[in-house]
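A short write-up of the structure that comes next.
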Amino acid sequence: MSSLMLQNPTVLLHRGTNRCSSPPSDQNPCAGGDCRTIRFHHRMRNLSIRSELAADTNNGMPKQSQNLSFPLLVNGCTGNMGKEVVKAAMNIGLRVVPVSFSSREGPDRVVQVDGVDIKIHGPSERDDVLASLVQQHQGLVVVDFTLPTAVNENAELYCKVGVPFVMGTTGGDRERLFRTVHEADAYAVISPQMGKPLVALLAGFEYMAREFPGCLQGFIPQVMESHQTSKKDASGTAKAFIKYLQLLGVKIDEEQINQVRDPMMQMEAVGVPKEYLSAHAFHMYNLTSPDQTVSLEIQHNVCGRSMYAEGSIDAAIFLAKKVQSKADKKLYNMIDVLREGNMR
Ligand SMILES: NC(=O)C1=CN([C@@H]2O[C@H](COP(=O)(O)OP(=O)(O)OC[C@H]3O[C@@H](n4cnc5c(N)ncnc54)[C@H](O)[C@@H]3O)[C@@H](O)[C@H]2O)C=CC1
Ligand SMILES: O=C(O)C1=N[C@H](C(=O)O)C[C@H](O)C1
């Protein structure tokens, strides 16, 4: 068990200071100088979240009994999304448990996010540490942004210790993932895409597929996605779109996704701005009618990661509310989160 936990088991982090000492980022555009605008922005967001949560009727439960200031643990704080989610959580005053996990062993590992130390535990400590945190922090929710190789084991761990979780990580064995959650009857939000505009676009395709199955019968598909070279798997978002395209009658499978990972090609052929080579997600779906007289093109291009981090926090808030209200339905996707008006 971690020394941090033994010495200070209830330490939780708030980012409520008046001074911004952090460098500029997607989340924090103030350049360490005049922070009034960003502080105002953070405060307004904080207030709007709190009032939104307070306004919830929660199936007739008294509003005061909804302690929605739940603790959040972000898994994968060694990675890019993990850090981004911690920043987004602290920006709105959510309590972040300063612990995260890793696939590698190593004593006394710490990562810093916005000046906050987060203790990293390896696989041998993971189960005990998480079980103990679940006991210490009532209402704990985990957000997972790790790697495709970790998806299934992590979900199994969250189910074993009984902690609700948001799974933003793509890949792994998705059937096994859903089976794990279903069999454990666990609370979870699982989605390869956390960004509000894209969740809405996916919802549009879900609608099309439900209402007009087969309407793109025979259309010839081309799917291209470009991500930073460190991305290990094919786009989970593209895979989700492909499921809808299949229902619309398009003959396509995931193997046909053209993954662009070469930075030169990303800049020259895809049009990715140089400064976003290390953090972008560009997608293009091209569908041509069998006689080649009609073509449809859907494109979504995202630079940076803040959109996903914001959406993950929305998902965590949504899930905390579901747990508190003891909702019968337990497994959700981001369309559920959007549908209930839970995305800011
Ligand atoms: N759902 C969504 O909207 C989005 C999903 N993603 C997905 O999230 C995942 C992470 O993305 P990035 O942060 O960009 O990758 P990254 O490579 O920057 O970070 C992943 C981190 O997870 C760590 N890790 C590996 N195994 C672990 C384990 N068992 N426990 C804890 N940590 C472990 C790695 O050491 C690494 O530091 C990817 O699958 C990516 O596709 C990324 C952005 C948005
Ligand atoms: O790894 C990423 O960066 C992203 N992963 C998700 C995916 O695979 O669809 C979402 C977005 O494309 C960014």
Side-chain angles (χ1 to χ4, degrees), residues 26 73-88 99-106 109 111 113 118-127 129-130 142-158 165-172 174 177 189-199 201-202 223-243 254 257 259-261 266 272 276-284 300-316 333-335 337-338 343:
D26 290 338
L73 185 149
V74 182
N75 195 10
C77 280
T78 53
N80 290 303
M81 273 307 298
K83 293 188 180 77
E84 204 73 33
V85 173
V86 169
K87 288 185 212 165
V99 173
S100 195
F101 302 105
S102 164
S103 57
R104 287 193 294 118
E105 298 292 354
R109 284 176 70 196
V111 293
V113 184
I118 298 187
K119 173 94 175 102
I120 307 296
H121 295 273
S124 63
E125 298 175 320
R126 221 174 53 137
D127 294 29
V129 170
L130 187 60
V142 170
V143 172
D144 186 299
F145 281 99
T146 54
L147 287 179
T149 45
V151 162
N152 294 105
E153 269 190 15
N154 284 357
E156 278 151 21
L157 171 64
Y158 306 144
F165 66 98
V166 175
M167 180 58 80
T169 311
T170 53
R174 302 307 274 189
L177 170 63
V189 176
I190 301 177
S191 176
Q193 180 51 250
M194 296 287 170
K196 186 174 179 173
L198 296 184
V199 176
L201 192 62
L202 278 165
V223 176
M224 181 282 299
E225 55 91 342
S226 171
H227 285 80
Q228 59 279 351
T229 40
S230 57
K231 182 161 173 64
K232 303 277 186 254
D233 55 342
S235 163
T237 308
K239 289 177 187 169
F241 271 105
I242 282 174
K243 288 224 161 63
E254 294 174 359
I257 299 173
Q259 300 174 48
V260 182
R261 297 289 182 270
Q266 293 179 332
V272 179
Y276 286 108
L277 284 175
S278 62
H280 72 274
F282 280 33
H283 293 73
M284 166 78 89
H300 51 91
N301 298 342
V302 178
C303 290
R305 298 186 171 89
S306 57
M307 177 183 82
Y308 315 119
E310 296 292 337
S312 308
I313 299 299
D314 294 334
N333 61 29
M334 286 304 285
I335 298 178
V337 181
L338 184 64
M343 297 190 81

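What you see is a predicted model; the values in this text were computed from it and never measured. All ligand and atom numbering here is 1-based and tracks the order in the structure.
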How many angstroms lie between atom [atom1] of [X] and atom [atom2] of [Y], to the nearest 0.5 angstrom?
X    : Y    : atom1 : atom2 : result
M307 : L198 : CE    : CG    : 4.5 Å
T170 : I190 : OG1   : CD1   : 12.5 Å
N154 : T169 : CG    : OG1   : 7.0 Å

Going by the rule side-chain hydrogen bond (donor to acceptor under 3.5 Å, both in side chains), which residues pair with R174 if we only count those two or more places apart in sequence or in a different chain? none
Strictly under 4.0 angstrom, heavy-atom based: which residues surround ligand 2? T170, P192, Q193, H227, Q228, K231, S235, G236, T237, A281, H283, Y308
Checking E225 against R261 for the salt bridge (charged side-chain N to carboxylate O under 4.0 Å, His left out) test, could you report, in this order, the C-alpha distance in whole Å, the side-chain angles of both residues, the deciding distance, and whether it holds? CA-CA 9 Å; E225 55 91 342; R261 297 289 182 270; 2.8 Å; yes
Per-pair distances, ligand 1 N/O vs protein N/O, less than 3.5 Å:
unit_1	atom_1	unit_2	atom_2	d
ligand 1	1 (N)	G168	O	2.9
ligand 1	1 (N)	S191	O	3.2
ligand 1	1 (N)	P192	O	3.0
ligand 1	3 (O)	M194	N	2.8
ligand 1	13 (O)	N80	N	3.4
ligand 1	13 (O)	M81	N	2.8
ligand 1	18 (O)	N80	N	3.0
ligand 1	18 (O)	N80	ND2	2.9
ligand 1	32 (N)	F101	O	3.3
ligand 1	37 (O)	T78	OG1	2.7
ligand 1	37 (O)	G79	N	3.3
ligand 1	39 (O)	T170	N	3.1
ligand 1	39 (O)	T170	OG1	2.8
ligand 1	41 (O)	T170	OG1	2.9
ligand 1	41 (O)	K231	NZ	2.7

Is a side-chain donor or acceptor of S102 paired with a backbone partner of G122 at a separation under 3.5 angstrom?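 No, because the side chain of S102 does not come within donor-acceptor range (under 3.5 Å) of the backbone of G122.
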Between the side chain of R109 and the main-chain N/O of R104, is any donor-acceptor distance below 3.5 Å?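 Answer holds: yes.
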S235 vs H227, test: side chain to side chain donor-acceptor pair (under 3.5 Å). Steps then yes/no. CA-CA 8 Å; S235 163; H227 285 80; 4.6 Å; no
Mind checking salt bridge (charged side-chain N to carboxylate O under 4.0 Å, His left out) for K243 and listing every partner two or more places apart, or none if nothing turns up?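 Partners of K243 by the salt bridge (charged side-chain N to carboxylate O under 4.0 Å, His left out) criterion, ordered by chain and then number, come out as E254.
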